[in-house]
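First the structure, in the form of structure tokens, and then the observations on it.
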Amino acid sequence: MTEPATVLQARGVVKVFGQHRALDDVSIDLRAGEVHALLGENGAGKSTLIKILTGAYQATEGEVLLEGQPVRFADPLQAQAAGIGTVYQEVNLLPNRSVAENLFLGHQPTRFGFVQKKVIYAKARAVLATYGLDVDVRAELGSYSVAVQQIVAIARAVELSGKVLVLDEPTASLDRNEVDRLFDIIRQLKARGLAIIFITHFLDQVFAISDRMTVLRNGKLIGTSSLKDVSPTDVVRMMLGKDLEILHPVSTAAEGASGPVMLSFDGFGKPGKVAPVTLDIHRGEVVGVAGLLGSGRTELARLMFGVDTAESGKVTMNGKEISLRSPVQAVQAGFGFCPEDRKADGIFGDLSVRENLIIALQAKLGWFKALNRDEQLEIAGRYAEALDIRAANHDMPIKLLSGGNQQKVILGRWLAIDPNFLILDEPTRGIDVGAHAEIVRTINRLREDGLGLLVISSELDEIVAYSSRVVVMRDRQMVAELHGQDISPKIIVQAIAAQHQEAAE
Amino acid sequence: MKTRVLSRLISPQTMALAAVLLVNWILFPGFFDIEWKDGRLFGSLIDVLNRGAPVAILAIGMTAVIATKGVDLSVGAVMAIAGATAATMVEAGWPAHTAVAVALLAGLACGLWNGVLVALLDIQPIIATLVIMVAGRGIAQLITEGSIVTFSDPTLIFIGTGSFLGLPMPVVIAATLAVLATLLVRRTALGLLVEAVGVNRSAARYAGISANVLLLAVYVFCGFCAAIAGMIVAGDIRGADANNAGLWLELDAILAVVIGGTSLLGGRFSILMSVLGAVIIQAMNTGILVSGFPPEFNLVVKSGVIILILVLQSPLSATLFLRAPKAKTGASK
Ligand SMILES: Nc1ncnc2c1ncn2[C@@H]1O[C@H](COP(=O)(O)OP(=O)(O)OP(=O)(O)O)[C@@H](O)[C@H]1O
Ligand SMILES: [Mg+2]
């Protein structure tokens, strides 16, 4: 059997940012017709490596070879022209252009030099249909969820990739069905002989689709091996440099253990967004929220935090009615909210890590009680340590941090206000296995400290691991509340899927 | 710490100022001469500061607006409104301090209008402030009833031409305002919160920042600054000219802010740097004037210098100057 040809290769790549060596002598080779998983902790250098392969960054040292020839892409456009399609971790599309334009921007089908709208729309619909996506391709991309945007980004890259497809955490915001569809497409592309790089923090997905894997740790190459030869435990050991004790500690969240009612939402809703919800949150409990994409989970969270204003119902906190007409009021009441779309609603890209960590506390304190530099340093240091945020220093702009570390900063931002009630929308998205366990532990610890938490997640195992109660959303309605023994992935899936059975009958 | 002060001193702005001053000095050797006469300082340098003061004051307010990713095109018209108000009132027999107070209120009101359009109605700043930019001069003409209102009120004239501790009043006012505004934004959390709104308004809302109130405040402050500048200009010419007071100064103010290094995309800002930007612009104007070149040159030279400064500040030049040497060493291996 002959070895498949090597398509894209990096040799001895070094990337230095200021004082920081993000990549140190890393080599990788991609063969035609393989799915190659690139693994490592948050900040290990995965995104940096693919940015060098695709021309978004230039290597400080080392070289990139395409089909054996040294290449130097000045920018991702040149890489595209050479047949390398890329989905970067932070989706880089134009939110105020249509879905179709985003799909084909820069390579529209034209006739006599004119862009043919009709042709484009039809083609866009056809392309997206292969992903099971049925959206209005003329509508602004920004009006759709992160998941839809992610699929558009993937479809765009697939259209552009003749030889290599690079996917940096493409599945972070997709649900199971969409992941399955994506994998079907990846298999087709693989059969066509493309080389595919796949970055993810979901180990089950790595084993489901990949042929080989390369592991980075702290910018260094740990090794490349065939997935046939390794077990998940081996992979985790390579990534972390140590064994991870227990991935999901058995839930200690016995329902009886939670404290008195802290918050009651009574008939809380907004027509067209979320049907009225009645829900009590106790001190010291985690309410998990499950449901498909678009089931109204995020809308519920936005309502509870005052981002959208409820039009019916009331909220009482410790027996007193409170007003929740804006996030300002929510923060004053001691609420915190880590939103789903980190880039659009979470981080202040140009502000420093330190400022991003203290901003909510500062907003809560008001205009005239400024935290001085020492206080800021102290607070930022405390939460960076508690959450193990890896940043070269706390004065660098947060946009330079790796995705997972940005996520931790936003969580830290809310811990700094010492909240009563924390809403987390997909808190472990893009977070590595080690940090994942860490966040689950943090959620459990916060619960023990007496906080009320509402956690939205698409990962059922995770919801089961920390929830004292699980609420299931479907069609913008709360359709079930599961307790005790009922909190298992199987029963949650049944509750989520009940609708399909009804529809099928 | 030392290196930080030093790196501030050799910013593109200070270098540009030094270069402009140097050229002025070559063209006009008496440029740096300063003399003490009648209890105040005289000289070209003082003149630059004095003439530059209105734009500097506009730039102070404009900096805050631009930091929120906005822009205020109405400041020139607001200057005309404030000048017209003050002049018409003193001519109608009102005491000067009342006239000044009402003129300031007029500026605040214009700012509030802009703020409401931008913050509450979510209209793009460039469109929202265009309303007063266009309508404002009409309003000013209504106030002056179409004529140039001249006045002889000593207080108003003092604002434009008087002196304090030997320095012209406009310079004193601009400097005081710059220092107070800087203290206000840096000693409180306002500066950080304004930057946060400018960097990502949506994230600011999610973080519990009252973004709308801040936006309102910023436009109101900008209107206030414009009103002060308007009274200085009126006091200087002892009259209110609804058509020409502050004409095109919004562009100079925006330019001053950009030269000062605040990005039109919002975020990080420095009021003092914007003031420096205003001084650079005025130094160029004065230089061309004293050198005897025809004033048409002014615009050409000005745009040349501006392009130079902007190129120096652009990310491209940062990569060129900072990365090029490294890339070379990498390639030679
Ligand atoms: N432009 C930059 N300037 C400075 N440092 C950077 C820059 N880009 C990345 N880094 C740093 O390089 C390191 C590697 O980042 P990278 O984004 O490659 O991590 P990653 O492995 O993709 O992590 P994640 O799983 O969280 O996405 C991080 O410490 C990050 O802070
Ligand atoms: Mg990454």
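Just so it is clear: chains get the letters A, B, ... in the order the sequence lines come, proteins before strands, and each one is counted from 1.
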Honestly, the part of A/F348 sitting under 4.5 Å from a heavy atom of chain B is both
Quick one: does A/L371's side chain get under 4.5 Å of B/L192's, heavy atoms only? no
Note, A/W367 side chain near B/V213 side chain (heavy atom, < 4.5 Å) = yes
Honestly, the part of B/A204 sitting under 4.5 Å from a heavy atom of chain A is both
- Item | CD1/B/I126: more than 12 non-hydrogen atoms of other groups inside 6.0 Å | no
When every non-hydrogen atom of A/F337 is compared with those of B/Y206, the smallest separation belongs to CE2-CE2, 3.4 Å
Between A/I359 and B/L193, the two heavy atoms sitting closest are CD1-CD2, 4.1 Å
Taken in chain and number order and not counting sequence neighbours, the residues that satisfy salt bridge (charged side-chain N to carboxylate O under 4.0 Å, His left out) with A/K273 are none
Turns out that what part of A/I347 lies under 4.5 Å from chain B's heavy atoms comes down to backbone
Scanning both residues in full, the closest heavy-atom pair of A/A370 with B/A189 reads CB-N, 3.6 Å
>> So for atom CZ, which belongs to A/R325, do other residues, nucleotides or ligands contribute more than 12 heavy atoms lying within a distance under 6.0 Å?
In response: no
So, the part of A/A330 with a heavy atom under 4.5 Å from chain B: the answer is neither
Okay, B/R268 and chain A: the region with an atom under 4.5 Å from a heavy atom over there is side chain
Worksheet item: Crowded around B/Q124 CD? As in, over 12 foreign heavy atoms under 6.0 Å?
Response: no
Which of A/V307, A/D345, A/V328 passes side-chain contact (heavy atoms from CB on, under 4.5 Å) with B/R205? Answer is A/V307
Rounded to the nearest 0.5 angstrom, the OG1-CD distance for B/T188 and A/Q362 is 8.5 Å
So CG of A/D350 and CG of B/N200: to nearest 0.5 Å the spacing works out to 10.0 Å
What one should report as the nearest heavy-atom pair of A/A363 and B/G208 is CB-O, 3.5 Å
task = Look at atom CZ of B/R187 and say whether more than 12 heavy atoms of other residues, nucleotides or ligands are closer to it than 6.0 Å.
result = no
Separation between NZ (A/K343) and OG (B/S202), nearest 0.5 Å, reads 13.0 Å
